[in-house]
Amino acid sequence: MEQHEMNFWDLCVAIARAIGRACAAAWDVVARMIRLTWRYWWTVLPVMALAIGAAIYYSRPDNICYRVNAIAFLNGPSVQQFEQKYNALQTGYLMDGNERIAQLLNNSKVEAFTSYRVVDCMHDGTADLIDFKRKSSPTDTLRLLMDDRLCLQFRLRAYCLGTVAEVENALLEWLNADEAMQQSYAVYLENLKDQVAFDHKQAVKLDSLTSAYYYNAGTTCMAQDRNGTGVNFYGDRRIRLFLNDIYRQQKHVQLSDYRLQLATAPVTLENHFTVDPKPVHSRTQIMLIFCLLGWIAGCVIAQIIDKRKAIYAWLKQ
């Protein structure tokens, strides 16, 4: 018997037929639910009303869940080191029950710890956006994933928003107690201090290139410029050759000073945790979800009522 090889067109046809059968089966289920709702409305509607009541109670203002975000700066530890430690928060396992953050987790005040990579689109060492959709690739040369910054996120109920500062302190205390990250931080801090000293020395050297000319000929150039017969100091071509280098080095000095200012622990925050004003699920979304679940539950009960004789006969066998 000859075997027929499937080409690309045959594959497309098979996929289209499978999608069509799935859509037809879904429509049959929906149509069956509509008929059950029409025939047993006295069962389906009360269940939906109960679901709506539960949605109203669940979506009360003090029970709405909000996301809380902050940008963490890694002073030495790698992203892999941090994720290995942070994974215990995401799973809730392998944590000492005596830790403050573990006690907060056990009290269900905080949930859904996650972390997202930060993207540098301008290649200038500053964070431009957060990859919340996790679509950035490590091999992407246009959207560089930063190695020293991460976005940390967790969720809190509205009635627990007053504990954001407590959670922040407990989280940083727990993360910075890790021995591996402490060792990476010690090496990083020494190298950073050397880098800051080097950047300042280079800035002084570049500035010294202009000092003699500035003090010896600057006044003359300025006077000539006011008379309209010469150029000022910044317009001189001998200075303009390395003026951009001075500006660039000054940016390096500012960046290194900023990093040294933040390097007080293996993990620090560039900003405190802030609450996203948009809730995770709005009240309308919760109402729709509960209403749909109530409709499904009502139809299941209606199906049981509709097949009660068959079920009774099966049980008597």
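Here, residue 1 is the first one in the sequence, and each next residue gets the next number. All heavy atoms count here, side chains included; hydrogens, waters and symmetry mates do not.
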Let me confirm one number: the [atom1]-[atom2] distance from [X] to [Y], rounded to the nearest 0.5 Å.
X	Y	atom1	atom2	value
Leu293	Met48	CG	CE	10.5 Å
Thr268	Gln261	OG1	CD	10.0 Å
Lys135	Asp131	NZ	CG	9.0 Å
His281	Ser59	NE2	OG	12.0 Å
Glu111	Cys160	CD	SG	9.5 Å
Arg149	Glu270	CZ	CD	4.5 Å

Could you check whether the rings of Tyr86 and Phe82 sit parallel, tilted or perpendicular, using 30° and 60° as the cut-offs?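 Judged by the thresholds at 30° and 60°, the geometry between Tyr86 and Phe82 is parallel.
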
Angle between ring planes, Phe113 versus Phe154, binned at 30° and 60°: parallel, tilted or perpendicular?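 Correct class here is tilted.
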
Stepwise salt bridge (Lys or Arg N to Asp or Glu O under 4.0 Å) test for Asp62 and Arg157: CA-CA 7 Å; Asp62 61 342; Arg157 301 287 178 180; over 6 Å; no

For the residue pair [X] and [Y], what are the closest heavy atoms and their distance?
X	Y	answer
Cys121	Arg143	SG-CG, 4.3 Å
Ala158	Pro61	CB-O, 3.3 Å
Ile64	Pro279	CG2-CB, 3.3 Å
Thr264	Asn75	N-ND2, 4.4 Å
Met146	Arg117	O-NH2, 3.1 Å
Leu175	Lys85	CD2-CG, 3.8 Å

Name all residues meeting the side-chain contact (heavy atoms from CB on, under 4.5 Å) criterion together with Leu260; count only those two or more places apart in sequence or in a different chain, and write none if there are none.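 By the side-chain contact (heavy atoms from CB on, under 4.5 Å) rule, Leu260 matches Leu189, Leu192, Lys193, Val196.
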
Side-chain contact test, heavy atoms from C-beta onward, threshold under 4.5 Å: evaluate it for [X] versus [Y] and give yes or no.
X	Y	result
Arg67	Val280	yes
Asn63	Arg60	yes
Ile305	Arg308	yes
Asp178	Pro266	no
Leu172	Leu269	yes
Ile52	Phe290	no
Leu89	Ile101	yes
His252	Asp257	no

Give a yes or no answer on whether the side chain of Asn176 reaches the backbone of Val267 with a donor-acceptor pair at less than 3.5 Å.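 It does hold such a pair.
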
Donor-acceptor pair, side chain of Thr43 and main chain of Ala302, under 3.5 angstrom: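 No: the side chain of Thr43 does not pair with the backbone of Ala302.
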
Whichever hydrophobic residues join Val187 through chains of side-chain contacts under 4.5 Å: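 Reading the cluster by chain and number, Val187 sits alone, since nothing else belongs.
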
For Gln195 and Arg259, run side-chain hydrogen bond (donor to acceptor under 3.5 Å, both in side chains): C-alpha distance rounded to whole Å, both residues' side-chain angles, the deciding distance at 0.1 Å, then the answer. CA-CA 11 Å; Gln195 179 184 347; Arg259 289 185 174 180; 5.2 Å; no

Does NZ or CZ of Lys309 come closer than 6.0 Å to the centre of the six-membered ring of Trp314, within 45° of the ring's axis?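 Negative - Lys309 is either too far from the ring of Trp314 or too far off its axis.
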
Honestly, is Arg134 close enough over Phe132, meaning NZ or CZ under 6.0 Å from the six-membered ring centre and within 45° of the axis?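 No, Arg134 does not sit over the ring of Phe132.
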
Just checking Gln84: does its CD atom have more than 12 heavy atoms from other residues, nucleotides or ligands closer to it than 6.0 angstrom?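 Result for CD/Gln84: open.
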
Phe273 CZ: over 12 foreign heavy atoms closer than 6.0 Å: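 More than 12 heavy atoms, drawn from other residues, nucleotides or ligands, come within 6.0 Å of this atom.
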
With a 4.0 Å cut-off on N to O distance, would you call Asp276 and Arg155 a salt bridge?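 Judged by the 4.0 Å cut-off on N to carboxylate O distance, Asp276 and Arg155 do not form a salt bridge.
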
